[in-house]
Number of protein chains: 2
Amino acid sequence: MTAVADPPQPRRALRSTAKVLPEHARASNRSMVLQLLFHAGPRSRAELARATGLTRVTISDLVASLLAQGLVTELGQQADGKVGKPGTLVGLDAEAFQIVAVDLADDERVHGAVLDLSGAVRERRTAPVGGCTGAAAVEVLLGLCRELVAATTRPVLGVGVGSPGVIDLSGRVLQAPNRGWYDLPLAEQLSAALELPVHVANDADTAALGEFTWGGASGNGLLVLTVGGGVGAGIVLDGALVQGNEHAAGELGHVTALDERDEHDRAPLGRPELCACGRRGCLETVLSVPAMRRRIAGLDAAGRNDALASVGRRLGIVLAPVVSALNLSEVVLCGPEELLGGPLRDAALATLRERTIPVVSSHVQLRMTSLGEHGALSGAAVLVLSGQLGVT
Amino acid sequence: MTAVADPPQPRRALRSTAKVLPEHARASNRSMVLQLLFHAGPRSRAELARATGLTRVTISDLVASLLAQGLVTELGQQADGKVGKPGTLVGLDAEAFQIVAVDLADDERVHGAVLDLSGAVRERRTAPVGGCTGAAAVEVLLGLCRELVAATTRPVLGVGVGSPGVIDLSGRVLQAPNRGWYDLPLAEQLSAALELPVHVANDADTAALGEFTWGGASGNGLLVLTVGGGVGAGIVLDGALVQGNEHAAGELGHVTALDERDEHDRAPLGRPELCACGRRGCLETVLSVPAMRRRIAGLDAAGRNDALASVGRRLGIVLAPVVSALNLSEVVLCGPEELLGGPLRDAALATLRERTIPVVSSHVQLRMTSLGEHGALSGAAVLVLSGQLGVT
DNA sequence: AGTTGTTTGTAAGGACGGTTGCCTAACAAA
DNA sequence: TTTGTTAGGCAACCGTCCTTACAAACAACT
């Protein structure tokens, strides 16, 4: 045996790891039980034990602590005619806590809601924010949060906020140009002011979380595209949001989608337009709501369909490499149904299928969100459910 | 308080969770110590305690068990003139075990090697496989593995195999057309025959792992593009390989990269060619080694550079949406340096920067692999290190 | 040289989390 | 009524980590 080559030098920075304590195991198992009750509905302790792989003893112990916290309640006997002693059903108590959720995606008004643990909206409030930036915008947001907290009728589990911009895992807004926020520890500030746990994430990410949890996601990879004044995306892989190196994952709005030299779709879309970012032909210049409304203004139905189909084709071209690289199972569009739902979606899906290998394209779905307008609020609520209870 | 909306129904399939036992915590902490010693070199127990957050007592206990297994050795006293009792250095013993790694990316020959725990190649072997398919190809692979195992001089930690095709987490080859493997439990079969732990993954994925561990990856998202007879990609996010819904993540070779109606690069590249997959203009028809060699055959230096730059631009166009969506920090090219390293890389990077928003493009690197030809073998070894010791 | 303060590594005891084994209660079927 | 099965609770045990306490080794100061 002789050394044939020098060993390569490990130069990579150490991956972030963390110590694991027995109590973390406990928290994880507790989350697993809650997750099961949340998604699959009430179960007996014995059923929970079988589903989780834990013993009945451990499950009994966990359930006892959850009962003590009021998170779950006993719902009486299982009355199906099986042999043996009937189990006592244990179910998540959707009324145990309430969640305050806020969506900052709209430039004019901040939308907020109080939800229960099942995701049902119990109360709505909005506040005008047009023009406010910096600390003033924080004040408006904080005011709405206080109002919503005052409107709750149960203990508040936490506050979830979805906001445009680049936001890190701790809820620090690294940059949000339309609010004039730069390096702002928003979650920390709100949490201190409200004396509640506060979770803040990008609005496309919260939309993706909402869709993942309540939208009936069927497979493993989900991309949610939010189309409004701009275009954003949130990606969920293996049950977790993709953050990206600079917490800027999902910044698809400024990928070039229409090229100076492309003949393709030249007629309906015209030459690439200048984007707010200073470059030409960004996806936002064809797919954003204002851009689409401008393009279809004054056209007849056929012309509108043509124009929207052209937009859809450009979208399909941009999505094809992403869907292929990640082997996504679902792409979901959030935005005005009348713009996105018809020819645009059809053309995007057709283009996507044309441009990807069958093993990828045959399994991918491209559809409108099933959550309607309050998808973003549901997602902000999931942020809290996930952060406080480990339920997704 | 009144119910304003019905609760959305959770329709999503339950996410796979697993119970966590104290022993899993132990294994995790053990891996963390090994990881630290692997990447940062020998440390004293007290230093390990500070770095991990565990107490000195726990670290002593963990180190004792690692010593008993022979994975680490004491390396004598720390001789730096600090106050206090000098610590005893503990280091990973690179000679404790050896790893057998095999790369099936080449259609003609199977390449294999014996490596030590530091990743140094100690022994090389190859075996001709041209033409063999199905069970015969498995036999050739098995023969090479036996030969390599016989060539080891230490206990074998495990066997790592990188193979083209779609492969699931258990090492089952779902499809590998060029070997005629369909739904073949390769890891299981090899493991039974060799009586050793065997880990099998896609060759682009192993290349990505190797690059991640030894290539000096600097940030959070890494995409490794392998360019040979075909084109493949492996993606590492948050320290883990992206699998995809059908385990087909990274199938970038058959994304359309050259469009029938695109004028762009028409002159150097010609009209979109028919691909083996039956469609036209796939990335493989411009970026694969045979395609590029055919295109530059007979050209002078300037013509070659033009042609390769055109290929690079098409690559940049395909990569831009992926890099933006994931906010990748690094894209690495594996393949012939003389084709990929020059104008192709430059043009791809320039195009990538043109077509992505600065927050993404300003941080992304696009470079050749630093591991040379045995990147795939190193990656297969990482597969074993990761699977058996939790070290990545 | 002796003392003091710092640091390392180990030992003993406690807290926590999960398991196994055994018990009783409740029910269906023979 | 008996038998078999299932649910849930109690006690004892094991593994893992923590805190507290202690001996050893060394630098620096008196």
Side-chain angles (χ1 to χ4, degrees), chain A residues 17-34 36-37 40-69 72-91 390, chain B residues 17-34 36-37 42-69 72-91 390:
Chain A
T17 45
K19 65 173 174 178
V20 180
L21 274 53
E23 66 194 79
H24 298 144
R26 180 73 165 186
S28 167
N29 290 335
R30 197 185 94 118
S31 290
M32 188 167 43
V33 171
L34 284 172
L36 204 57
L37 294 176
R43 293 288 135 118
S44 73
R45 292 172 176 81
E47 284 171 330
L48 287 172
R50 282 191 294 268
T52 58
L54 294 165
T55 59
R56 293 199 307 269
V57 180
T58 304
I59 289 293
S60 279
D61 196 40
L62 278 168
V63 167
S65 80
L66 292 173
L67 280 170
Q69 290 173 65
V72 302
T73 34
E74 296 199 329
L75 301 170
Q77 303 289 302
Q78 245 172 343
D80 42 356
K82 291 185 308 183
V83 295
K85 171 180 170 180
T88 357
L89 281 176
V90 174
Chain B
T17 46
K19 66 171 173 178
V20 179
L21 276 55
E23 68 189 272
H24 298 143
R26 179 74 166 185
S28 167
N29 290 334
R30 196 185 94 118
S31 290
M32 188 167 44
V33 170
L34 284 171
L36 204 57
L37 295 175
R43 293 288 136 118
S44 72
R45 292 173 177 81
E47 284 171 329
L48 288 172
R50 281 191 294 268
T52 58
L54 295 164
T55 60
R56 293 199 306 270
V57 181
T58 305
I59 290 294
S60 277
D61 196 41
L62 279 167
V63 166
S65 80
L66 292 173
L67 281 169
Q69 290 172 65
V72 303
T73 34
E74 295 199 329
L75 301 170
Q77 303 290 303
Q78 245 172 343
D80 41 358
K82 290 185 307 184
V83 298
K85 172 179 170 180
T88 12
L89 281 176
V90 175

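- A distance of 11.0 Å separates CG in D61(A) from CG in L54(A), rounded to the nearest 0.5 Å.
- Along DNA chain C, the nucleotide nearest K85(A) and the nucleotide nearest V57(A) are compared for position; the residue whose nucleotide lies closer to the 5' end is V57(A).
- Within the structure, every side-chain polar atom (N or O) of T58(A) is placed at least 4.0 Å from both OP1 and OP2 of dG18(C).
- Here R45(B) contributes atom CZ and I59(B) contributes atom CD1; the two are 10.0 Å apart, rounded to the nearest 0.5 Å.
- The phosphate of dG9(C) has OP1 or OP2 within less than 4.0 Å of a side-chain N or O from T88(B).
- The nucleotide whose nearest atom lies closest to any side-chain atom of P86(B) is, among dC26(D), dT8(C), dT6(C), dC26(D).
- Atom CD of E74(A) and atom C1' of dG8(D) are 11 Å apart (whole Å).
- Rounded to whole angstrom, the span from the CZ atom of R26(B) across to the P atom of dT16(D) amounts to 5 Å.
- Here the C1' atom of nucleotide dA15(C) and the NE2 atom of H24(A) are 15 Å apart, to the nearest Å.
- A distance of 5.5 Å separates OG in S65(B) from CZ in R26(B), rounded to the nearest 0.5 Å.
- Among the heavy atoms of the strands lying under 4.0 Å from R50(B) are primed sugar atoms or P, OP1, OP2 only; no base atom is included.
- S60(A) contributes a side-chain N or O that, together with a main-chain N or O of R56(A), makes up a donor-acceptor pair within less than 3.5 Å.
- Using a 4.0 Å cut-off, some side-chain N or O of N29(A) falls inside it from OP1 or OP2 of dG18(C).
- Rounded to whole Å, the distance from CZ on R56(A) to C1' on dC10(D) is 13 Å.
- Per the geometry, CZ belonging to R30(B) stands 16 Å off P belonging to dG15(D), to the nearest Å.
- What separates CD1 of I59(B) from P of dT7(C) is a distance of 18 Å, to the nearest Å.
- Taking only side-chain nitrogens and oxygens, S60(A) never comes nearer than 4.0 Å to OP1 or OP2 of dG8(D).
- Heavy-atom nearest nucleotides on DNA chain D were determined for V20(A) and for A46(A), and the one closer to the 5' end corresponds to A46(A).
- For R45(A) and dA7(D), the CZ to P distance is 12 Å, given to the nearest whole Å.
- For K19(B), no side-chain nitrogen or oxygen approaches OP1 or OP2 of dG17(C) to under 4.0 Å.
- No side-chain heavy atom of M32(A) sits under 4.5 Å from any side-chain heavy atom of L36(A).
- Using a 4.0 Å heavy-atom criterion, one finds that D61(A) contacts no nucleic acid atom at all.
- Regarding L21(B), its CG atom lies at a distance of 18 Å from the P atom of dC16(C), rounded to whole Å.
- Taking 4.0 angstrom as the limit, T55(A) places none of its side-chain polar atoms (N or O) nearer than this to OP1 or OP2 of dG18(C).
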